[in-house]
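First listed ligand is number 1; within each ligand, the first listed atom is number 1.
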Amino acid sequence: MEIINTVDGLKQALDSLRKEGKSIGFVPTMGALHQGHMDLISRAGAACDVVVASVFVNPTQFNNSSDLELYPRTPEADAGLLKKFGCDFAFFPSVEEIYPENWIVPRVDLGGLDTVMEGKFRPGHFNGVVQVVSRLFQIVEPEKAFFGLKDFQQVAVVKRMVSELKMPVQVIACETSRTEKGLAMSSRNKRLTEEQREEALIIFKTLSKAREDAKQFSPAETLKRALELFETGTLKLEYLNIVHPDTLEDLTGHWVPGATMCIACFCGEVRLIDNLSLIEN
Ligand code: PAF
């Protein structure tokens, strides 16, 4: 595996592979890598000839400076894991490489996908995501890019961005990786104590119970029951919604295929998000 820090260096390496007809798979990350990321690397390796991963804690997607400061950073361990799991190029750029002065941020109409849930509680977050992912796609020019469905709303936003900007990249959404007990893998879990990891299991319990309830109750009743169960735990809820999988609008009335329950909450100081599809697509 080659570690590259500059845009020019990465472009050069990839251009010559592209000329040889090799397909490029890309996994963008913010580091503090875990099994969930490694599953994305493996998926990329199975689908493409060359695997590129970026490790860049993107400042523009944090709306809270202490969240940015506290975001875990483990570059040496990240490089070791990427190598072990078959990544070919690990891109560790600086902020200046990603955002040069002459870089023009593309304008993208996200059709309201950016104003609900995460967008509501983290204003500007998705502008930052669009900014960095569009820039990374422009640098890497992947055929396929792999994203974890734990960030369900992010996947919807990135797909919309790709379609609006007519970028020739296929966005592949990959199932959320979970611990044996169901906690969604997240870099933020590194900040949880053992006790908090147990407490956080209420998230998956709530989502799983909602999937059962959805078989016999309406969306409104399923949501009400989910809230009641969640409140038996110790976590502080930010939002719990059942949404349409394409528009991300709250589901009122009847079920639709792919209807998804999304949650954001605090376990102590650590903000966690998760989601589960309640109705088969
Ligand atoms: O999901 C993440 O880790 C980040 O939002 C991403 C896609 C790497 C952009 O910074």
Side-chain angles (χ1 to χ4, degrees), residues 7 10 25-41 43-44 51-64 67-75 77-79 81-82 85 87 89-99 103 105-106 108 110 113-114 117-119 121-140 142 144-162 165 167 169-178 184-191 262 264 270-275:
V7 170
L10 184 64
F26 178 44
V27 180
T29 82
M30 295 207 299
L33 302 179
H34 49 70
Q35 188 55 47
H37 293 112
M38 295 311 114
D39 292 345
L40 298 180
I41 296 287
R43 277 287 296 271
V51 178
V52 181
S54 60
V55 176
F56 177 65
V57 182
N58 173 35
T60 69
Q61 70 188 75
F62 287 83
N63 59 318
N64 175 329
D67 195 22
L68 171 61
E69 240 165 69
L70 292 171
Y71 200 82
R73 288 164 173 87
T74 55
D78 292 347
L81 274 176
L82 288 172
F85 281 83
C87 175
F89 294 96
F91 183 42
F92 284 80
S94 64
V95 173
E96 293 73 27
E97 283 290 314
I98 293 295
Y99 298 127
W103 157 247
V105 183
V108 184
L110 293 173
L113 295 178
D114 55 331
M117 298 193 289
E118 289 302 285
F121 285 90
R122 303 179 69 190
H125 168 66
F126 287 116
N127 287 341
V129 169
V130 163
Q131 199 176 349
V132 76
V133 176
S134 62
R135 173 73 174 135
L136 288 166
F137 281 1
Q138 185 204 49
I139 296 166
V140 178
K144 296 186 166 90
F146 299 80
F147 289 81
L149 271 171
K150 181 180 77 68
D151 295 298
F152 181 74
Q153 190 171 4
Q154 172 169 273
V155 172
V157 164
V158 171
K159 282 186 172 168
R160 169 98 186 192
M161 176 199 84
V162 161
L165 297 178
M167 292 181 125
V169 49
Q170 195 184 341
V171 175
I172 316 262
C174 305
E175 276 310 311
T176 302
S177 305
R178 299 183 180 278
M185 302 266 188
S186 164
S187 303
R188 291 168 193 269
N189 295 354
K190 288 193 165 68
R191 294 177 53 208
C262 299
V270 185
R271 188 173 185 277
L272 299 173
I273 61 170
D274 201 351
N275 65 84

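Within the 4.5 Å cutoff, side-chain heavy atoms of Lys150 are placed close to those of Ser186. When side chains are defined from C-beta on, Leu272 does not count as touching Asp274, because their heavy atoms never get closer than 4.5 Å. Proximity of Gln138 to Trp103: side-chain heavy atoms (C-beta onward) are separated by under 4.5 Å at one or more points.
Considering only residues two or more places apart in sequence or on other chains, Arg122 meets the salt bridge (Lys or Arg N to Asp or Glu O under 4.0 Å) condition with Asp67, Glu118.
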Please tabulate, line by line, the atom pairs linking an N/O of ligand 1 to a protein N/O at a distance below 3.5 Å, with the distance in Å to 0.1, or answer 'none'.
unit_1: ligand 1; atom_1: 1 (O); unit_2: Gln154; atom_2: NE2; d: 2.8
unit_1: ligand 1; atom_1: 5 (O); unit_2: Gln61; atom_2: NE2; d: 2.9
unit_1: ligand 1; atom_1: 5 (O); unit_2: Gln154; atom_2: OE1; d: 2.6
unit_1: ligand 1; atom_1: 10 (O); unit_2: Gln61; atom_2: OE1; d: 2.6

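Using a 3.5 Å distance cut-off with no hydrogens or angles, the side chains of Tyr99 and Asn58 do pair a donor with an acceptor. Side-chain contact check for Asn127 and Gln131: no donor-acceptor pair (N or O, by modelled atom type) lies under 3.5 Å.
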